[in-house]
Colleague: 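One structure is given below, represented as structure tokens, and several questions about it will come after.
Fair warning: this is a prediction, and the values are worked out from it, not measured in the lab. Letters go in sequence order (proteins before strands), and every chain restarts at 1.
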Amino acid sequence: MGLSELTTPSHESTSLSRRVFLGHYAGSLGALALAHLLGDSASRARAETATGESSGPTIRPKAKSVICLFQHGGPSQMDLFDPKPALNKYHGQPYPGGDLEIHFDKQKGNVLGSPFKFARHGGSGLELCELLPHTARVSDDLTLIRSMNTESVDHESALRLIHSGRFLAGLPSWGSWVTYALGSENRNLPSYVVLSDPGGLPVDGERNWSAGWLPAVYQGTAFRSGRSPVLNLQTPEGVSTEARRNQLHFLEQLNRSHLERHAENLELAARLANFETAARMQTAVPGVLDISQETAETRSLYGLDNPTTAEYGTRCLLARRLVEQGVRFVQIFLKAQPWDTHSRNAESLKGLCAMTDQPSAALVQDLKQRGLLDSTIVLWTGEFGRLPVSQGADGRDHNRRGFSLWLAGGGFKGGHVHGATDDFGYEAVKDVVTVHDLHASLLHALGLDHRRLTYPHDGRPTSLTDPDVTKARLVGELFA
Amino acid sequence: MRVLWLAPVWIALGCPLAVCADSSPGDPELARDVLPLLKTRCVKCHGPAKREGKLNLSTPLSIARGGENGEVVVPREVDSSLLWHRVEADEMPPDDPLPADERAVLQRWIAAGAKRLPTAITAQESGSDHWAFARLIEPTVPEVRNPNGARTNVDRFLLAQLDSQGLAFNPEADRATLIRRVSFDLTGLPPTPQEIKTFLDDSGADAYERMVERFLASPHYGERWGKYWLDAAGYADSNGYFNADSDRPLAYRYRDYVVRALNQDKPFDRFVLEQIAGDELSGFVPGREATREMISLLEATHYLRNGQDGSGESDGNLDEVRTDRYAALESTTQIVASSLLGLTLQCAKCHDHKFESISQRDYYQLQAVFYPAFNIQSWLKPNDRFVIANLPGEAERWEQHSQKITAEIAQLKAGFAAWARSNRPPSTVLFHDEFEDSGPRLAENWSNTAPGDDVAGGAVPVQLDSAQAPGALRQNGVLQILESGMPGDRWISTKQSFDWTPEGEGHWIQLSFDLVDNKVSAGGTPAERIAYFIALHDFNDNSPLPGGNVLIDGNPAGGAAVHVDYPGADSKTAGEFGNGKYERGHNYGLRITNVGDGKFRLDHLVDGVPDDKTLQLKTEDLPDGGFGFEYCCGRSFVVDNVLIERSVAAFNGGDIGQKITDQLQEKRKELAAAVKAKEAERGEQPGKIACVTDRSEKIPDVFLLERGNYATPKEKVQPTPLSALADAPVPFDVKQPFPGAPSTGARLAWARWLTQATSRPAALLARVQINRIWQHHFGAGLVTTVENLGASGAQPSHGELLDYLAGQFIRSGWSMKAMHRLLLKSAAYCQTSSLQPDAFKIDPDNRLLWRHRIERLDAESMRDAMLATSGQLDRHFGGPYVATSRNDLGEVIVNQSGPGANRRSLYLQQRRTQTLSLLNVFDSPTIVFNCVQRPASTMPLQSLSLLNSEFVVRQARRFAERLDREAGAQSEARVAYGFLLALARGPTEAEMRSSLDFIRIQREQYAAKADAELNAWADFCQMMLASNPFLYVE
């Protein structure tokens, strides 16, 4: 394979390194296998071989990319997505439903009703709270899961669980798994981009997008605001375009005879190609982040004209632009854990919804009108839910037994509610979906079989879902 | 179609070489074709773990042994072979019949005589069916076609396989290539020009061996190979687990132990023994003095602490705390299994292992070896898990040294205080009482009521000039505050009233007194607080004025709490200020400064000097009133020299007061810096070792946990060897390791069992280590799954060679350096990396070693090599880590102006959540458990680092300066020297030409700049550092 072949597939850099890495680890791949791992067709082929789990429907994968709107802290399901009249009926009374698992057990209070009204929306009649008028507008595009559960009431553990499938730190995040499986469609941009809050990192910081033991190329790249969204993106001061061109030319000369002696070595060739990719990234990254060309209508859709929504809205808009450019996985984080409403639950929710409702819904609407929603999964979720009783006077404590999230696009049903919690919203009781089931289903939507997407580490095939241990299963009912 | 179903299998299991390659010639082979197929299709039910029909199809021996229905393979007789029958009849595998091509593999293999299937089933223990668990048997060194091609037996084993494919080694590489290869392999650094010259000038027949010896003797050898071991052992400078990822400040002693041990070529069995049970070998008893050897042995045990341990930060309920502790114990167990046994044991935590002959019971029996040290019931948090082990006299010497430092610090502070006192703002004295015996009676200046109030403080008021408590007695020139302990608050106050809210911004009033003693008699109880009042104006809240009666509650632990309107129900706390401790022999007080807007700042004064923390009060808090001492709760003390002054000039706006304040701040900074330096000079108390010791001499109860659940303990287990490796003759004897040892001896028993020279466990240990050594010299292990030599791992490419080397290793006394000599001497190691097109077709991954692999420098070597090339490498050995930090951009960097910034990467802080960005992008691992194998990825972010990162740009500049300094002015000489430093060779003619051209055009590029010449050379240097010939070792 010569250098010329390297420049044709649109994402040779990641594929190559995957092949190089597999070459190191897995022995010979053979020419045919190598061809499979190069280029777009490879990813799709690999994806197709991975579908067809016997327990669920076989679909042709629709989704190519993912946008995860991560809502830290544990959004209160009974105040937003999962109406529970019983809460208001028993408001202020001791909880009648039996024992509750309480994180801060000294501050347990009585049943706390929700002060917010719920109404049915759209053709599907999805019931949502009044704090989410914009989400309500796109309710016919949403799959709302009301029967999520997870395994920890500790923020960090629960975050790791939903991001990497286990609560130990340092495992590959699911964004890394997805990019490992599917590569990138734009070699000038990182395939896994994180848009973290300019106000600060989320709890557990960079570990939320770590590649764990997958090769470093699969870790999320956090775009920063300012001159250098990616580390080392700026040419050093004083080096003109001309000087840089001379440098690269000389570098090529230095490498030439070396490469001639190792013509078969794709890694060496890839490294050369990467210098050019790097140079293109230096313009591509700032380009994709430049929203000045967006219309006034689009800007207003995302709430960029409103100080409350402008910042989060900008990042939602960037997420669309990135996906449009072929970025595989975009993750938006909020700073710290704002949804962690241990006190002043109702008041806090008003502010948080005012900030996130419109831009989140705008993203779904915008993707749809651009024809991108089918091929893009939008996931809105936190790491766990909250309790039906109060903590202190007016707060809610963590709850791992029940929470809600929504999905849009990517082949998921529209206007669909999946599962249910008990009468108080405490515990998922009907069609329960574990975090591992969620992972299995998301991978499925991308055409990947969670049981087959593995990576050899520590002497065994590791996977996102580790189904032998977690019993992860694909939830077929979520798909249209 | 084959590839489609195989694709996931490769990813899952590592590619069974020839099953993937369509071009495999000849008959199917057992290791290459048959075993991988059986593993994929059959071993889940007929394997070491789940032997349905008592049949295990995972190893040659067990296939030969057959199952409950007798033998399953009869060589050459396909129709008599049960294995074939079942497959042909579609009975096996039950739900998923084999495709035709796979059937053909089985059929052809049996028909051709079932090659390599053992014929005589030896009576070895059933655990040894798996090759890695078998006893070491000296393999016969094979004959080779061309004996001249072989220099060592290593070559003969390799050539035997190459011969069978009609292949041979490449020719020997030139000397420049060899010295660069050996230098990086053994030290992780490029050869210096002097080292290159010595080798090139050596015309002796054994020049190569001598060159190898020089690098083996280099102290950098231990750093390079130490790092490999540290990765395998999961070393990190932080605890991980929680977000806090708290510090492990003493872990470096273990790191240094490892580097030293490797430099000394400590026998590997001993090295392992020390890390598992150094404390039990040491004879050290806490509280006694230690020898150097004991200290080293204790340091070694930190190996068992490398796992993540969040127990220092656990704050949840009891279940959560227990989980966190178990997680640390499980980490340790996993690291031991991975790094020493090459096994993935952790699956057996919840259930019997699916692929290995390891039961759940095995797991807990191994856990029981470490449980006495990591006892969940009597847990030690990381920071509490240490011993003090001092060399004779070391503690005393440090104590003396420390006392000297303490005295010097006291002197610095005294100097500062003296300066502050003699440079304080000018003042007018409002009140002064030195309690001279010759002076006026107390009652003339003092009273038990507040000025202007008619009610005495307290139900039992203070008697002035009385030795009867509660009383105030002037005696020997001091004032005794004699508290009775009777209920109620009381005080003595100045009769004089003061204005505590000086008018005009910057004006101040201050009071001070000497605290002569914190008790009145030698046997008395020290006062818990030294409390005093300002603005005393009213005892029983009759006054119409709010505020006043401001109580300053001076604390011997530091600082003072301030309460306004004390005592009474409406008393309120205003906060705390100051940080000086109330100790006898010092002067205390406060200064109140008008800061405008009706606000007043309170500075806490210790020896006349304001300390850091201030407090603010408002006008209404501070009505006119007296100063007094509080009587409360039996607190008696002795004071002197009460002085109240006020400013003559405002203390702001460029006047003398401000100048003094500025100077004071400056002096305070100087003092802080000087004290810090002194503290650094004091250093840590020596002898503190973060090690592992058992929590008691008695073996605690350890239970098998049902499904790995901590809440459901089942049967009790004892520390016991793994059943698959248990041989009756190898002793496993748990007993107190030495008299007085605070230890069970379980770890020592286990470590001795593991390292018993002729045993099966020792054979496994040797195979695991040899395979790792092989990997680091040849690019891939003889077993490619270096972390897994179990049944689920890859088959060895050269099984007999591995056993041969393992046998040599043990016979050499487990000498790593002897093994390096043996491997590096081989023709296989010394050959070139060039391509043989025919060989590449047959064996593209070079599993047969027809050439030397070309490998990218790992992240650490790359950084170190850049520093070495630029001449900036700081070669200091050992000691605490060099801290890293995260800058505004989120980049993890080393503070370039700090000490040690240019030390080897090994010495940089290995914080789990904070890997140096430059290293991270080149695949330096984030340690979760451990890491025995790294990917070598290639991505644009690496190119961006090489082109634009501050580090690389800086090293390039230093490199250019070095050329200027060391190679003279002539361009050709500089270019040649640059090549020599970076690539260990001179440039070719073409390279010389293009280099000179490049420098010329860059010089023109930068013509407008002052340092055009240096810029041009720096660009040349940077491209050298970014080039493939630099980044790769041939």
Colleague: Pair Asn232(A), Glu891(B) - check side-chain contact (heavy atoms from CB on, under 4.5 Å), show working.
Modeller: CA-CA 10 Å; Asn232(A) 302 313; Glu891(B) 187 178 14; 4.2 Å; yes
Colleague: How close do Gln1005(B) and Ser240(A) get, counting heavy atoms only, and between which atoms?
Modeller: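 Distance-wise, the nearest heavy atoms are OE1-OG, 3.1 Å.
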Colleague: Identify the two heavy atoms, one from Gln282(A) and one from Asn948(B), that lie closest to each other, and give their separation to 0.1 Å.
Modeller: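 Between these two residues, the closest heavy atoms are NE2-ND2, 3.3 Å.
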Colleague: Need one label for Leu946(B): side chain, backbone, both or neither, based on atoms under 4.5 Å from any heavy atom in chain A.
Modeller: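 Side chain of Leu946(B) only, per the 4.5 Å heavy-atom cut-off to chain A.
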Colleague: Relative to chain A, which of Arg856(B), Glu1004(B), Arg912(B), Glu950(B) shows the most heavy atom pairs under 4.5 Å?
Modeller: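 Looking at each option in turn, the highest pair count goes to Arg856(B).
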Colleague: For the pair Phe998(B) and Phe250(A), name the ring-plane relationship: parallel under 30°, tilted 30 to 60°, perpendicular over 60°.
Modeller: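 If you compare the ring of Phe998(B) with that of Phe250(A), the planes turn out parallel.
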Colleague: Against chain A, label Phe979(B) side chain, backbone, both or neither, depending on which of its atoms sit under 4.5 Å from a heavy atom there.
Modeller: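 Side chain only.
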Colleague: Between the side chains of Gln219(A) and Asn920(B), is a donor N or O closer than 3.5 angstrom to an acceptor N or O?
Modeller: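 Asn920(B) and Gln219(A) do have a side-chain donor-acceptor pair below 3.5 Å.
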Colleague: Please look at Glu276(A) and chain B and tell me whether the side chain, the backbone, both or neither of the residue comes under 4.5 angstrom of a heavy atom of that chain.
Modeller: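 Looking at Glu276(A), nothing touches chain B.
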Colleague: Please classify the contact between Thr221(A) and chain B as side chain, backbone, both or neither, with a heavy-atom cut-off of under 4.5 Å.
Modeller: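 When you check distances to chain B, only side chain atoms of Thr221(A) fall under 4.5 Å.
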Colleague: Give, as side chain, backbone, both or neither, the part of Ser797(B) having an atom under 4.5 angstrom from any heavy atom of chain A.
Modeller: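 Neither part, no heavy atoms under 4.5 Å.
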Colleague: Let's test your reading of the structure: which of Gly708(B), Ser949(B), Ala327(B) forms the most heavy-atom pairs below 4.5 Å with chain A?
Modeller: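 Most pairs with chain A among the choices: Ser949(B).
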Colleague: Can you find a pair of side-chain heavy atoms, one from Asn1028(B) and one from His262(A), that are under 4.5 Å apart?
Modeller: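 No, every pair of side-chain atoms sits at 4.5 Å or beyond.
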Colleague: With a 4.5 angstrom heavy-atom cut-off, could you sort out which part of Arg993(B) is near chain A: side chain, backbone, both or neither?
Modeller: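 Contact with chain A: none, neither part.
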Colleague: Using the rule given for side-chain contact (heavy atoms from CB on, under 4.5 Å), can you reason through Val239(A) versus Leu947(B), listing the C-alpha separation, both sets of side-chain angles and the distance that settles it, and then say yes or no?
Modeller: CA-CA 11 Å; Val239(A) 178; Leu947(B) 289 176; over 6 Å; no
Colleague: Which atoms of Ser257(A) come close to chain B, meaning under 4.5 Å heavy atom to heavy atom: side chain ones, backbone ones, both, or neither?
Modeller: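 Side chain only.
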Colleague: Kindly indicate whether the side chain of Leu983(B), heavy atoms from C-beta on, has any atom under 4.5 Å from the side chain of His258(A).
Modeller: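 The answer is no, as the side chains (C-beta and beyond) never meet within the 4.5 Å cut-off.
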Colleague: Using heavy-atom distances under 4.5 Å, tell me whether Arg244(A) contacts chain B through its side chain, its backbone, both, or neither.
Modeller: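 Contact with chain B: side chain only.
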Colleague: Heavy-atom distance under 4.5 Å to chain A: side chain of Glu1034(B), backbone, both or neither?
Modeller: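 Contact with chain A is through the side chain of Glu1034(B) alone.
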Colleague: Which answer fits Tyr1032(B), side chain, backbone, both or neither, if we ask what part of it has an atom under 4.5 Å from a heavy atom of chain A?
Modeller: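 Side chain only.
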Colleague: In terms of heavy-atom pairs under 4.5 Å, which option from Gly342(B), Ser945(B), Gly310(B) contacts chain A the most?
Modeller: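 Looking at each of Gly342(B), Ser945(B), Gly310(B) in turn, Ser945(B) comes out on top.
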Colleague: Looking at Leu254(A), Val153(A), Asn255(A), Val469(A), which one has more heavy-atom pairs under 4.5 Å with chain B than the rest?
Modeller: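 Max contact count across the listed options: Asn255(A).
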Colleague: Side chain, backbone, both or neither: which part of Thr832(B) has a non-hydrogen atom closer than 4.5 Å to chain A?
Modeller: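 Contact with chain A is absent: no heavy atom of Thr832(B) under 4.5 Å.
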Colleague: Counting only heavy atoms closer than 4.5 Å, note whether Gln253(A) contacts chain B via side chain, backbone, both or neither.
Modeller: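 Answer is side chain: those atoms of Gln253(A) sit under 4.5 Å from chain B.
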Colleague: Return the minimal non-hydrogen interatomic distance between Leu231(A) and Leu944(B), and the atom names on each side.
Modeller: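 That would be O-CD1, 4.2 Å.
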Colleague: Tell me which of these, His249(A), Glu242(A), Arg256(A), His155(A), has more heavy-atom pairs under 4.5 Å with chain B than the rest.
Modeller: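 Highest number of heavy-atom pairs under 4.5 Å: Glu242(A).
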Colleague: Can you tell which of Ala1026(B), Ser924(B), Ser834(B) has the highest number of heavy-atom pairs within less than 4.5 Å of chain A?
Modeller: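 Ranked by contacts with chain A, first place is Ala1026(B).
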Colleague: For Met1023(B) and Leu251(A), work out which heavy atoms get closest and say how close.
Modeller: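 Smallest interatomic distance, heavy atoms only, reads O-CD1, 3.4 Å.
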Colleague: Against chain B, work out which of Ala279(A), Ser463(A), Ala243(A), Pro190(A) has the most heavy-atom pairs shorter than 4.5 Å and name it.
Modeller: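 Greatest number of close heavy-atom pairs with chain B: Ala243(A).
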